[in-house]
2 protein chains.
Amino acid sequence: MAKKRVSIKDIAKALGVSITTVSFIINGKAREQRISDEVSKKVKDYIKEVGYKPSHVAQSLRLGKSKIIVFMAEDISNQFFSSIARFIEEKAYRNGYKIIYCSTDNDVGKAKELISTFKMRNVDGFIITPTPDLEDVIKDLMEEEFPVVLFDRWLPDVDCSHVIVENKKSAFEGTDHLIKEGVKRPAFISLESDQTQMIDRETGFREAIQQSGVKGLELKLKFHNLAESGPYQELFEFFSKNRDIDGVFFATNYLAFEGLQALDSLGRNIPKDVKVVSFDDHYFFGLFKPKITAIEQPLETISEKLMETILNHIEELDKGYVSRKIILPNKLNIREST
Amino acid sequence: MAKKRVSIKDIAKALGVSITTVSFIINGKAREQRISDEVSKKVKDYIKEVGYKPSHVAQSLRLGKSKIIVFMAEDISNQFFSSIARFIEEKAYRNGYKIIYCSTDNDVGKAKELISTFKMRNVDGFIITPTPDLEDVIKDLMEEEFPVVLFDRWLPDVDCSHVIVENKKSAFEGTDHLIKEGVKRPAFISLESDQTQMIDRETGFREAIQQSGVKGLELKLKFHNLAESGPYQELFEFFSKNRDIDGVFFATNYLAFEGLQALDSLGRNIPKDVKVVSFDDHYFFGLFKPKITAIEQPLETISEKLMETILNHIEELDKGYVSRKIILPNKLNIREST
DNA sequence: TAATTTTGATAAAACCTTTTAGCAGCTTCA
DNA sequence: TGAAGCTGCTAAAAGGTTTTATCAAAATTA
């Protein structure tokens with residue numbers, strides 16, 4: 001027995017006033033529109049009595065705003081993204097926005113499809129981890145004046161707001177830390193990817209080894225999605241072929257988890273034989289034996305900046321777009337593995 | 001220079017036909033409504049040319065359906081929930097639905113607030129992990145004919161659809177497994193909670209020890225949210241006070257992670273001194289040394305059933321509500337810790 | 001007193017769809 | 001020849017809001 005939802009019209013009729021009047025009162029424009037306190041009170045009381053709530057859908061239609069922001073992650077089940085999702089959610093709700101999420105699996109096709117379906121939904125903004133080759137879509141989005149903020153990585157060819165971290169600098173520091181701890185033959189394990197975050201981490205590694213004169217080694221693995229088996233086997237082979245490696249920098253934690261297993265299978269002791277640093281700190285690095293040194297991204301600050309930026313874009317849509325590019329520092333958590 | 005979005009009206013005007021005609025053609029009712037193939041083609045071609053996409057907001061308003069489902073988790077950044085979120089997302093999108101997520105932190109107040117804001121949004125359905133004391137809100141929701149499915153736990157006092165797992169049976173099996181491996185003094189570590197999933201796991205544990213005649217021990221911890229520090233300290237004290245414990249059943253993986261650390265600090269060897277089983281398998285249980293025996297919930301099947309159930313409720317709203325109660329089996333993954 | 005301003009409100013358009021009811025004009029059948 | 005049925009299409013209402021333009025009555029000013 002679903003009681004019919006009460007609308008402004010019902011209120012107006014019941015109280016013998018006009019729809020306009022009710023709307024003004026609801027929106028706090030009673031004073032401004034010279035509605036008498038008497039009428040105002042009557043309407044407010046009635047609203048409370050019947051528990052009226054405005055229809056967001058109707059508001060969306062009328063105002064062209066949905067109060068919905070899309071959060072497009074590479075994979076929402078990944079700890080990094082789900083943690084950000086959690087922070088973002090809180091900040092969004094506090095500001096009256098809701099979040100619709102989706103995962104691209106780093107696949108352009110999927111990303112394009114998702115973006116195009118969301119455009120129809122009148123969403124107010126997009127927070128996106130861009131897949132490779134997404135430049136054109138992002139440009140379109142921006143031309144159509146959709147607020148967009150990228151994160152985790154960015155697109156050099158598009159002048160779009162983004163929130164990222166100091167990938168190069170932190171990778172440099174991490175590598176330098178390895179070298180300072182006596183590593184002579186460091187390896188850099190990364191993904192086959194020309195996305196900015198990976199490139200920057202690689203550059204950081206290279207600059208560090210170049211500066212100190214040691215000879216490094218690099219391994220780039222294919223992107224595995226969840227369904228496939230991890231890169232364990234490849235890592236195992238790599239480490240068994242290159243016995244002289246005495247330090248490893250993992251470009252992302254998922255590689256570290258697999259790599260640590262491989263090193264363990266090979267009987268390499270950490271940190272005695274091999275020292276280890278990983279990008280992207282994780283709860284489990286603290287539980288590992290030995291505890292793993294890692295670079296921690298400031299998840300909450302990233303989320304804060306993302307929301308701040310997107311809300312800024314949404315709320316001053318008219319006042320001329322200026323992209324905001326935010327680069328945040330990370331923190332190197334030194335633990336037992338180095 | 002945002003090009004104005006084209007509407008049905010624009011198409012009608014441009015082509016000199018009526019809005020009705022265009023709408024019929026768009027919705028594949030041309031034949032049925034005897035629109036000539038000639039007109040039909042003309043309209044379709046034009047639509048393709050200008051790239052018309054219907055406004056979902058207007059459709060929502062007109063049809064009273066938003067094609068949005070709410071996914072209300074305890075905490076979206078928790079691996080269990082984010083994994084389900086990932087599966088759900090996929091299944092929802094394939095069926096033309098979008099997912100809005102939110103986290104309750106197991107707090108009724110927050111849950112109530114969230115539900116009430118979502119009601120206004122004309123969402124089509126709710127997938128919920130109920131917090132304690134949420135019965136009334138769920139009842140209201142159901143009375144207002146909102147489709148609802150609960151998961152992870154359920155509310156005995158409400159006849160609402162749910163998808164859960166065989167908590168009691170699996171806890172029994174896990175405990176029984178410990179005992180069969182020679183454990184004489186098993187401990188059950190859980191949360192202070194009277195939610196069904198925890199109660200059932202506890203019952204399973206109790207029945208297993210009762211059946212075999214061994215004497216068990218229980219510890220119930222407070223629910224910690226993310227901001228607070230974990231229950232490490234309490235676990236440490238518990239284990240150091242009860243040196244005779246030679247087997248532990250953790251009711252959820254987060255407790256296991258903390259508990260394992262505590263056991264390690266105390267120098268207890270696993271599995272020689274203490275055998276360990278945990279509810280909720282996790283990628284990291286396989287990386288641990290030793291690898292931890294755990295009960296794996298069928299995440300994908302849970303998600304499938306959730307979507308199936310909610311879609312069923314959404315699409316046959318009229319045909320009389322019958323709650324569906326689905327209980328899925330888990331899998332005991334025996335590893336090195338037992 | 002007449003003209004003007006202020007007060008307290010309202011009608012109606014707009015946002016974009018879907019869908020019911022209906023309207024000419026033509027064909028068929030008795 | 002008149003009634004009934006079909007064909008191809010459309011007008012208009014409804015869904016719930018916001019906002020602009022407008023209006024009558026009362027109050028103020030000249």
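Keep in mind the model is a prediction, meaning the values are calculated, not measured. Order of the sequence lines fixes the chain letters, A, B, ..., with proteins taken first and strands second; residue numbering starts at 1 for each chain.
When rounded to the nearest whole Å, the span between NZ of K42(A) and P of dG8(C) equals 15 Å. Whole-Å rounding puts the I35(A) CD1 to dG8(C) C1' distance at 7 Å. Straight-line distance from the CZ atom of F24(B) to the P atom of dA11(D): 13 Å, rounded to whole Å. D37(A) has its CG atom 14 Å from the C1' atom of dA9(C), to the nearest Å. In this structure, I19(A) atom CD1 and dT10(C) atom C1' are separated by 10 Å, rounded to whole Å. Distance CG (N122(A)) to C1' (dT17(C)): 13 Å, rounded to an integer number of Å. Rounded to an integer number of Å, the gap from CZ of R5(A) to C1' of dG15(D) is 11 Å. Distance, R34(B) CZ to dG5(D) P: 14 Å, rounded to whole Å.
Where T21(B) and T21(A) each meet DNA chain C at their nearest nucleotide, the meeting point lying more 5' is that of T21(A).
Under 4.0 angstrom from either OP1 or OP2 of dC16(C) there lies no side-chain N or O belonging to Y52(B). Between K9(A) and dA14(D) there is no side-chain polar atom (N or O) within less than 4.0 angstrom of OP1 or OP2. Note on S55(A): every side-chain N or O is 4.0 Å or more away from OP1 and OP2 of dG16(D).
Taking the six-membered ring where tryptophan is involved, the planes of F118(B) and Y93(A) are perpendicular, since the angle between them exceeds 60° and thus also 30°.
Ionic pairing of D105(B) and K110(B) is present here: one or more N-O contacts between side-chain nitrogen and carboxylate oxygen are shorter than 4.0 angstrom. With respect to D75(B) and R86(A), a salt bridge is recorded, a charged nitrogen being found less than 4.0 Å from a carboxylate O. Between E300(B) and K305(B) there is no salt bridge, since no side-chain N of the basic residue sits under 4.0 Å from a carboxylate O of the acidic one.
Here L61(A) lies in heavy-atom contact (under 4.0 Å) with a base. Within the nucleic acid shown, S36(A) comes within 4.0 Å of sugar-phosphate atoms alone, with no base atom in reach, counting heavy atoms only. Among the protein residues, V57(A) comes within range of no part of the nucleic acid, since none of its heavy atoms lies under 4.0 Å from any strand. S23(A) comes within 4.0 angstrom of a nucleotide base, judged by non-hydrogen atoms across all strands.
For Y101(A) and F71(A), the ring centers sit 6.0 Å or farther from each other.
The side chain of Q33(B) sits closest to dC9(D) out of dG16(D), dC9(D), dT10(C).
Residue-to-nucleotide contacts include a donor-acceptor pair under 3.5 Å from the side chain of T20(A) to the base of dA11(C).
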